[in-house]
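First comes the structure, then the notes that go with it.
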Amino acid sequence: MSVILQLAFDGLTIGLIYVILAAGLVLILSVTEIFFVAYGMFFMWGAYAAWYCESGLGLSYPVAVLVAVAVTGVFGLLSYMLIFKRLQHMEGRFLVTVTGALGLSLILEKAVLPIFGTQPKSIPGIFTQAWRLGGVHIELKKLVLIGVGLLVTLVLFWIYEKTRVGRAMRAVSSNAEVAALHGIRPMWVYLLVMGLGCALAGLAGGLFAPAYNVHSGMGANVIANVLLMTMLGGMDSLLGAVVGGLVVGQVLSFGQYYFGQMSIVYLFLVIGVIIYFRPNGLLGHRTDLGV
Amino acid sequence: MRGFLSKHRRPSGFLVLLVAFALVPLWVKSPYYIDLLVMTMVNAGLAMTFVMLLRTGLISLCVAAFWGIGAYASAVLSVNAGLSFWICLPLSTLITAAFALVIGYVIIRNAGFTFIIMTTVLALLFVTVVGNIKALGGYNGISNIPAPDSIGSIVFDTKVDFFYLGLVILVVVVLIISAFYSSWAGRAWKAIGFNPRLAQSIGVNVFRYRLLSFVVGCAIAGLLGSFYAHYQTYINPNVFNLFPKTIFIQVYAVLGGAGFAILGPLVGAGLLTFLTETVTVVVQDKAEYTFMVVGALVILVVVFLPRGVLSLGEYFAKLWAWARRGGGRDGGPQPEQTLKSAGAAPEEAEGA
Amino acid sequence: MTTPAGSSNGPLLRVEDVSKHFGGLVAVNHLTFEVEEGEILGIIGPNGAGKSTILGVISGFYPATAGKVFFEGQDITNLKSHGIVQLGIGRQFQASTLFMSLSVLDNVYYGFHLGYKTPVWNRLLRFPSALREERELRARGAEILDQMGLGAVKNEITKNLPHGHQRILGVCIALATDPKLLLLDEPMTGMNQTEIATMLELVRGIRESGITIVMIEHNMSAVMSLCDRIVVLDHGQEIAEGLPWEIRENDQVIEAYLGKDEFLLDD
Ligand SMILES: Nc1ncnc2c1ncn2[C@@H]1O[C@H](COP(=O)(O)OP(=O)(O)O)[C@@H](O)[C@H]1O
Ligand SMILES: [Mg+2]
C-alpha cells in the first residue's frame, strides 16, 4: 500500500513538471505552428541556470529560479526574433522550421558542456525537511514543487481564458488570418508565446533541479515524454496538456517501478492506439497542425 | 532548371561524377579519408530516403532507427545464424521493409505534427528497446560482425574494397530511387506533397502512396544498415539514435537542397561529413564544439539558403542566362526571388 | 433501389436525403436531388448555404452525416475520394488549387494518375512500353490544353498564369481524370467579362463531349444561360428547383436573396 502511495506521490511531483512543460509546448505548437524540438533544451538550460545561480553565484533558490525563468524566456524571444520569425513564412516552412529547431537544439545541448562541465549537478540543501506519512516519504522540496506547479497552472489558465492576451493567443491559434483582421498582430503573439513557452520550460527546469539531478542529457530525455503528452492531450488544448502531464507522470512513475525502462515503450503503444482512434488527442480539436 | 542541372543532362553528368568518384582511391591512399568517403555514401543514401518521404509532405525523424533495424537484422543473421553477408543483405532489407509496413500502416494515417512526434518517439524507443534486449547485446551492442565473403578474387579486407562495395550499393539505390521518381508513383508522391487535396481529386490514394514511400525508403535504409554493420564490424544502439544521427540525416538533405532528390543528399552529405571532420580537427577533438558548429551552420543554412547549396547553382545558371540575353529589361533576377523559386520542395501543403 | 450500373434509365447521380454536420453546425440538411446524364445542373444559393459542402460530400472529401449518394445506381456514400474519382466523378476546387510550381502541361500530366497502366517496375527498367505510355499521356495533356485554349501557355510555370487561366487549368486537371460527371465550384469567380464568355463556351464544349456537369456559380447571367436546371440552396436546404426561368420568378428564391446585394438576380 505504502509503495503505491509513494509511487503516486512521486508521479504527481514529476507529473506537475510535465504539466508545466506540456503547457508551454502546447502554446508554442498551437499558436506558432513551429515544431519546436529545441524545447527540451530550454528545460535543461533552466535547470543549469538555477544551479549556477544558486551554487555558483550564491543567490537564494527562489531568486535563482526566477533568473532561470528570465534567461530561458529571453532565449526563447531571441530565438524567435533571430531565427524562426524568418523561417515561419518561407516556402516549405514545415521543413525549415523543424531543421532550424534541430540545429538550435544541437547548439543548446552541447553548449552546457564547455560552460558548466560534464559532471552532473545537484542543488543540495534546499528545503531539506522530510516527513514520513503512512509509510510515504514526503520531501518538502517536492511539496514546494507541487504547490508552485499547481499555482502556475492556474495562473496560466487564467491568462489564457480570461485576459485579452490569452484571447489573442486563442484567436491566432485558431486562425491567424482572421485574428489579423480583428486587429491582432500575430507577430507579437508569436513572440509572446515563444517567450512565455520557453520561460515555462525554464521554470520547470528550475523546479526540477533540487529534487533531481541536472545533466546535459536531460533535455533530449524529456522531449519525447513531453511530445507524447501533448499528443495524448491534444496539441491545441491547454487542459489536454494538464491531463496528459498528470497521466504520463503517474504512468511513468508506476511503470518505472514495475517494468523498468521499457515502460516508456508500453506507454507509447497505448498512446499510439488512442491516437489511432482519436487523431487529435483526448481534448484537442485541430488535426491539421503542421500539415 | 537550366544549365548543368537540366534534366536531360543529368544522367551523363552523373556518369562523369561516378567515374571520377570511383577513381578517387587511386590517388587517396589514406584509410581515414576512404572511411569518410564510405560514410558519405551511406549518409547520402539515408538522406535520399528522408527526401523521399518528404516529397509526400511527411517529415520522418526515425530514418536512423530503420537504418538500425537493418544493421541489427544483418548482424544477428550473420553472427548468430552464421549466414553470409550476401544473404544477410537482401534478408535484412526485407525485414526492415516488413517493420516499416507494420509501423507505417499505423502512423501514416496522421500527417503533420502527429506524424513527426510519432517518428521522434519511435526513434528514441528504438534505442531503449534494443538497449534492453539482452539477446541483442543491450547497450553494448554486437561486435565481430564478419566481413562479406569473397567473390572470386575480390576479398573484403581493406577499406578500399568496402569503398567499391558501397559505391555499387549506392548506385543501385540511386537507380531505384530515380526510377521511382520518374514513374507515376513518384509523381503521385510529389502531387501529395504539393497539395494532398488536389492529389486526392486526381485519384491518388494518399495513404497508400505515403505508405509506399515510407516502406521503400525504410527498406533502402535497412539495406544501407546491413552494409554499415558489416563495414564497421561493431554496432550499438546509440549509433542509431535521434540525437544526433537523424538530425544529421535531415541536415544532409537540407544543406544540399531538399528540392534535389539525389544530388542534394550527395552534396549535403559530402560537405557535412568532411566539414564535421575538419571542425573536429580544428577544435582538437572536442566533440561538443563540433556539434555546436554544425548546429550554427544548420541555422545559417536554413535562414539564408533555405533551398540548400545547390540552389546557388540554379541562381548562377539564371544569372548566366540573363547575362547572355544581354541583361537589362527586367533588371535581372534578384537573388532572393530566384532562391525562393528555385528547387521544388513541397509547398502549400494543406489538410484534407 | 439500385439500378444496374450504366443503365440508361435512372439518373446519373442521385443525392438522397443527405445531411452534413460540422460539429454542431448543420451545413447540409436533408438534401435530395438528381442529376440526369448529359445535363448541366446549376447549384445556387447565398454564401454559406452549403453548396461547396454538398460537392465535398459527393466527391468523398467529407463523409456524409446521414443519407446516401448514388452514382450510376451504385452507392458511393462511404467511398474515399480517390475511389470516387476512379468511378468517374471529377472535381475542380473553389480556390485555385493547382500544382503551382509545376508547368501547366505537367499539371494536366499529373492529372492522368489513374491513366497509367504499366506497372512501376516496367518504368524502373525503362521498358519502351512505359516510356511510350508517358509520351502518349503527355500528348493527350497537350490536346486537352489546346481544346481549353491554354495550348499557348503550356510550358509556363503555373503560378505565373493569370487568374482566369488558372481557373481553366483547374478544369483541365479534372478533365484529365476522364470523368463522366464534372463538379465545378464557382469556376467564374474573379473573372472579367471576356474570361467569363470564354469559360461559358468551354463548359458548353465539355458538355457536348458527353460529360455531365454540376456547377456552383454566383454569376446569375452565366447560370441562367448555361444551366438546364437549377437547384437553390439556403441554410443547407433545397428551397427551389426548376428551369432557369422558373427560378428567376420564384418568390422564395428572391426572398432568400433579399438584402444580400451581392446576388442580384437580374444583372
Ligand atoms: N471544414 C469545415 N469545418 C467546419 N465548418 C465548415 C467546413 N466547411 C464548411 N463549413 C461551414 O459550413 C457552412 C456551409 O459552407 P459552404 O458549403 O462552404 O458554403 P457555400 O459554398 O454555399 O458558400 C458554412 O457555415 C461553413 O462555415
Ligand atoms: Mg463555397
Which atoms of [X] are under 4.5 Å from chain A, going by heavy atoms: the side chain, the backbone, both sets, or neither?
| X | result |
| --- | --- |
| B:Phe243 | side chain |
| B:Phe126 | neither |
| B:Val106 | both |
| B:Val302 | both |

For this session: Could you check if a side-chain atom of A:Arg86 sits within less than 4.5 angstrom of a side-chain atom of B:Phe304, using non-hydrogen atoms only?
Result: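 Yes. Closest side-chain heavy atoms under 4.5 Å.
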
Exercise. Would you say B:Met292 and A:Leu106 make side-chain contact, with heavy atoms under 4.5 Å?
Worked result: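 Side chain of B:Met292 against side chain of A:Leu106, heavy atoms only: no contact under 4.5 Å found.
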
Measure the [atom1]-[atom2] distance between [X] and [Y] for me, rounded to the nearest 0.5 Å.
| X | Y | atom1 | atom2 | result |
| --- | --- | --- | --- | --- |
| A:Phe268 | B:Leu125 | CZ | CG | 6.0 Å |
| A:Leu113 | B:Phe291 | CG | CZ | 10.5 Å |
| B:Arg307 | A:Met90 | CZ | CE | 9.0 Å |
| A:Phe94 | B:Phe113 | CZ | CZ | 6.0 Å |
| A:Met229 | B:Ile117 | CE | CD1 | 11.0 Å |

For this session: State, to 0.1 Å, how close A:Pro114 and B:Tyr289 come at their nearest heavy-atom pair, and which atoms those are.
Result: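 The pair with the smallest heavy-atom distance is CB-OH, 3.3 Å.
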
Problem set entry | Minimal non-hydrogen separation, A:Leu95 against B:Gln250, with atom names |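 Minimum heavy-atom separation between A:Leu95 and B:Gln250: CD1-NE2, 3.7 Å.
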
Contact winner vs chain A - [options], heavy-atom pairs under 4.5 Å:
| options | value |
| --- | --- |
| B:Leu124, B:Ile59, B:Val298, B:Asn241 | B:Ile59 |
| B:Leu58, B:Leu61, B:Ile247, B:Thr120 | B:Ile247 |
| B:Asn132, B:Leu242, B:Thr246 | B:Asn132 |
| B:Leu297, B:Val301, B:Val121 | B:Val121 |
| B:Ile299, B:Thr290, B:Val129 | B:Ile299 |

Heavy-atom count check: over 12 atoms from other residues, nucleotides or ligands less than 6.0 Å from [X] [atom1]?
| X | atom1 | value |
| --- | --- | --- |
| A:Phe254 | CZ | yes |
| A:Phe116 | CZ | yes |
| B:Tyr105 | OH | no |
| B:Phe99 | CZ | no |

Residue [X] versus chain B: region with a heavy atom under 4.5 Å:
| X | value |
| --- | --- |
| A:Ser105 | side chain |
| A:Leu227 | both |
| A:Tyr276 | side chain |
| A:Ile271 | neither |
| A:Leu267 | neither |

For this session: For chain B, find which of A:Thr99, A:Asn225, A:Val265 contributes the most heavy-atom pairs closer than 4.5 angstrom.
Result: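 Counting heavy-atom pairs under 4.5 Å, the top option is A:Thr99.
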
Exercise. Who among A:Leu228, A:Val37, A:Thr230, A:Ile223 has the most heavy-atom pairs with chain B under 4.5 Å?
Worked result: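 The option with the most such pairs is A:Leu228.
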
Exercise. Taking it one step at a time, do B:Val303 and A:Ile83 satisfy side chain to side chain contact (heavy atoms under 4.5 Å, CB included)?
Worked result: CA-CA 7 Å; B:Val303 170; A:Ile83 306 172; 4.2 Å; yes

Problem set entry | Candidate pair A:Ile275 and B:Arg109, rule side chain to side chain contact (heavy atoms under 4.5 Å, CB included), full reasoning | CA-CA 10 Å; A:Ile275 294 300; B:Arg109 292 174 193 277; over 6 Å; no

For this session: Mind running side chain to side chain contact (heavy atoms under 4.5 Å, CB included) on A:Glu109 and B:Glu288 for me, showing each step along the way?
Result: CA-CA 9 Å; A:Glu109 183 183 24; B:Glu288 60 267 23; over 6 Å; no

Problem set entry | Modelled atom types, side-chain donor and acceptor of B:Thr128 and A:Gln261, under 3.5 Å |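 Result is no, nothing qualifies.
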
